[in-house]
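Input: a single structure, listed below in structure tokens.
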2 protein chains.
Amino acid sequence: MIQPDAPIPVYLQIANIVAGRIERGELLPNRPIPSETQLRQEFGVARDTARHAVAVLRERGLVFTVPQRGTYVAEKPTGRSMRS
Amino acid sequence: MIQPDAPIPVYLQIANIVAGRIERGELLPNRPIPSETQLRQEFGVARDTARHAVAVLRERGLVFTVPQRGTYVAEKPTGRSMRS
DNA sequence: CTGTATTTGTTCGTATGTATT
DNA sequence: AAATACATACGAACAAATACA
């Protein structure tokens with residue numbers, strides 16, 4: 001699933017995979033996404049890389065993190081004002 | 001006793017020290033090894049490092065952990081069937 | 001029965017060092 | 001030099017189960 005030697009960095013690959021799960025509704029709003037440890041185990045990467053992936057999702061506004069609690073799926077940006 | 005800047009990681013140094021105590025019979029089967037807190041105090045390390053050391057001992061089959069109870073010295077692998 | 005302390009389990013935050021590309 | 005990735009190590013917070021006074 002993950003291509004270590006890839007043209008696109010591992011942390012981005014993971015971020016995209018998780019983003020896909022969110023978009024498909026496999027991960028629901030205000031529900032936790034896999035912890036850093038779980039991401040490490042699932043994708044066989046270092047914590048650093050898992051964290052980086054989560055950071056990307058946060059920057060995209062897809063998730064929010066509660067320190068010492070976990071990272072959760074953000075509420076969907078309500079469809080308002082798509083055009084100007 | 002512990003060499004922080006060492007060629008061999010602190011968690012391994014601690015694991016080896018405790019392993020030595022087990023092998024020398026200073027820690028007996030089905031008796032608890034020092035708790036994470038005690039390891040932290042004795043070696044002046046973070047809980048993370050103490051836990052990592054215990055995890056190594058567990059992987060080596062030297063100890064087993066009972067959640068919310070402690071970690072105990074494993075029974076010696078009975079000497080039977082050493083040869084074929 | 002009721003707290004309090006102990007112990008392991010789990011989470012995220014942060015920093016450093018190393019190696020590779 | 002910069003980005004990526006891994007390993008190590010410390011910190012902080014909370015949960016849950018157990019043990020005990």
Side-chain angles (χ1 to χ4, degrees), chain A residues 1-19 21-22 27-75, chain B residues 1-19 21-22 27-75:
Chain A
M1 215 187 212
I2 290 309
Q3 299 167 322
D5 53 337
I8 124 169
V10 174
Y11 74 88
L12 267 185
Q13 294 180 49
I14 295 175
N16 288 338
I17 289 171
V18 177
R21 291 179 189 166
I22 294 173
L27 295 171
L28 298 175
N30 294 308
R31 298 289 301 165
I33 70 170
S35 71
E36 293 172 355
T37 298
Q38 288 173 327
L39 291 175
R40 286 184 56 184
Q41 292 171 341
E42 174 172 0
F43 297 106
V45 296
R47 190 189 170 196
D48 198 44
T49 306
R51 278 183 67 76
H52 202 155
V54 173
V56 169
L57 295 173
R58 208 158 35 226
E59 287 159 13
R60 290 184 189 168
L62 290 177
V63 301
F64 62 97
T65 296
V66 182
Q68 274 72 54
R69 295 297 299 151
T71 296
Y72 302 83
V73 178
E75 307 81 351
Chain B
M1 213 189 218
I2 291 308
Q3 298 167 322
D5 53 337
I8 125 169
V10 174
Y11 74 88
L12 265 187
Q13 294 181 49
I14 295 175
N16 289 338
I17 289 171
V18 177
R21 290 179 189 166
I22 293 174
L27 294 171
L28 299 174
N30 295 306
R31 296 289 303 165
I33 69 171
S35 71
E36 293 172 356
T37 299
Q38 288 172 327
L39 291 176
R40 288 185 50 183
Q41 292 170 340
E42 174 174 359
F43 297 105
V45 296
R47 189 188 170 195
D48 197 45
T49 305
R51 280 179 67 77
H52 203 157
V54 173
V56 169
L57 295 174
R58 206 158 38 224
E59 287 161 13
R60 290 184 188 169
L62 291 177
V63 302
F64 61 98
T65 297
V66 181
Q68 273 72 59
R69 292 295 298 141
T71 296
Y72 302 84
V73 178
E75 308 81 349

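All chains are named by letter (A, B, ...) in the order of the sequence lines, taking the proteins before the strands, and each is independently numbered beginning at 1.
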Worked verdict on B:I2 versus B:I17 for side chain to side chain contact (heavy atoms under 4.5 Å, CB included):
CA-CA 10 Å; B:I2 291 308; B:I17 289 171; 3.8 Å; yes
Result block: side-chain N/O donor-acceptor pairs under 3.5 angstrom for residues 7-16 of chain B, not counting sequence neighbours:
{"residue": "B:Q13", "atom": "OE1", "partner": "B:Q3", "partner atom": "N", "Å": "2.9"}
{"residue": "B:Q13", "atom": "NE2", "partner": "B:Q3", "partner atom": "O", "Å": "2.9"}
{"residue": "B:Q13", "atom": "NE2", "partner": "B:I8", "partner atom": "O", "Å": "2.7"}
{"residue": "B:N16", "atom": "OD1", "partner": "B:R60", "partner atom": "NH1", "Å": "3.1"}
{"residue": "B:N16", "atom": "OD1", "partner": "B:R60", "partner atom": "NH2", "Å": "2.9"}
{"residue": "B:N16", "atom": "ND2", "partner": "B:L12", "partner atom": "O", "Å": "3.2"}

List the atom pairs, donor and acceptor, that lie under 3.5 Å between side-chain atoms in residues 28-36 of chain A and the rest of the protein, sequence neighbours left out.
{"residue": "A:S35", "atom": "OG", "partner": "A:T37", "partner atom": "N", "Å": "3.4"}
{"residue": "A:S35", "atom": "OG", "partner": "A:Q38", "partner atom": "N", "Å": "3.1"}
{"residue": "A:E36", "atom": "OE1", "partner": "A:R47", "partner atom": "NE", "Å": "2.8"}
{"residue": "A:E36", "atom": "OE1", "partner": "A:R47", "partner atom": "NH2", "Å": "3.1"}
{"residue": "A:E36", "atom": "OE2", "partner": "A:R51", "partner atom": "NH1", "Å": "2.6"}

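Residues B:H52 and B:D48 have side chains not in contact (no heavy-atom distance under 4.5 Å, counting atoms from C-beta outward). By the 4.5 Å heavy-atom criterion applied to side chains, A:L27 and A:V63 are not counted as neighbours.
Interatomic distance, CG of B:L57 versus CD1 of B:I22, reported as 5.5 Å (0.5 Å rounding).
Near DNA chain C, meaning a heavy atom under 4.0 Å from it, residues 31-39 of chain A has A:S35, A:E36, A:T37 in order of number.
With sequence neighbours left out, the ring-ring contact (aromatic ring centres under 6.0 Å, His included) criterion links B:F43 to no other residue. Take B:T49 and apply the side-chain hydrogen bond (donor to acceptor under 3.5 Å, both in side chains) test, not counting sequence neighbours, and it matches no residue. Residues meeting the salt bridge (charged side-chain N to carboxylate O under 4.0 Å, His left out) test with B:R21, sequence neighbours left out: B:E42. Partners of B:Y72 under the ring-ring contact (aromatic ring centres under 6.0 Å, His included) rule, at least two apart in sequence or in another chain, are B:F64.
The terminal axes of the helix from C:dT2-D:dA21 to C:dT21-D:dA2, fitted over 5 pairs per end, subtend an angle of 10° to the nearest 10°.
If you walk DNA chain C from 5' to 3' and mark each nucleotide with an atom closer than 4.0 Å to a heavy atom of chain B, the marks span C:dT7 to C:dT10.
For A:L39 against A:A50, the heavy-atom pair with the smallest separation is CB-CB, 3.9 Å.
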Which nucleotides of nucleotides 2-7 of chain D have their base under 4.0 Å from a protein heavy atom (B), which only their sugar-phosphate (S), and which neither (-), written as one string 5' to 3'?
--SBB-
Taking only N/O atoms, report every protein-nucleotides 19-21 of chain D pair under 3.5 Å with atom names and distance.
{"residue": "D:dA19", "atom": "OP1", "partner": "B:R69", "partner atom": "NE", "Å": "3.3"}
{"residue": "D:dA19", "atom": "OP1", "partner": "B:R69", "partner atom": "NH2", "Å": "3.4"}

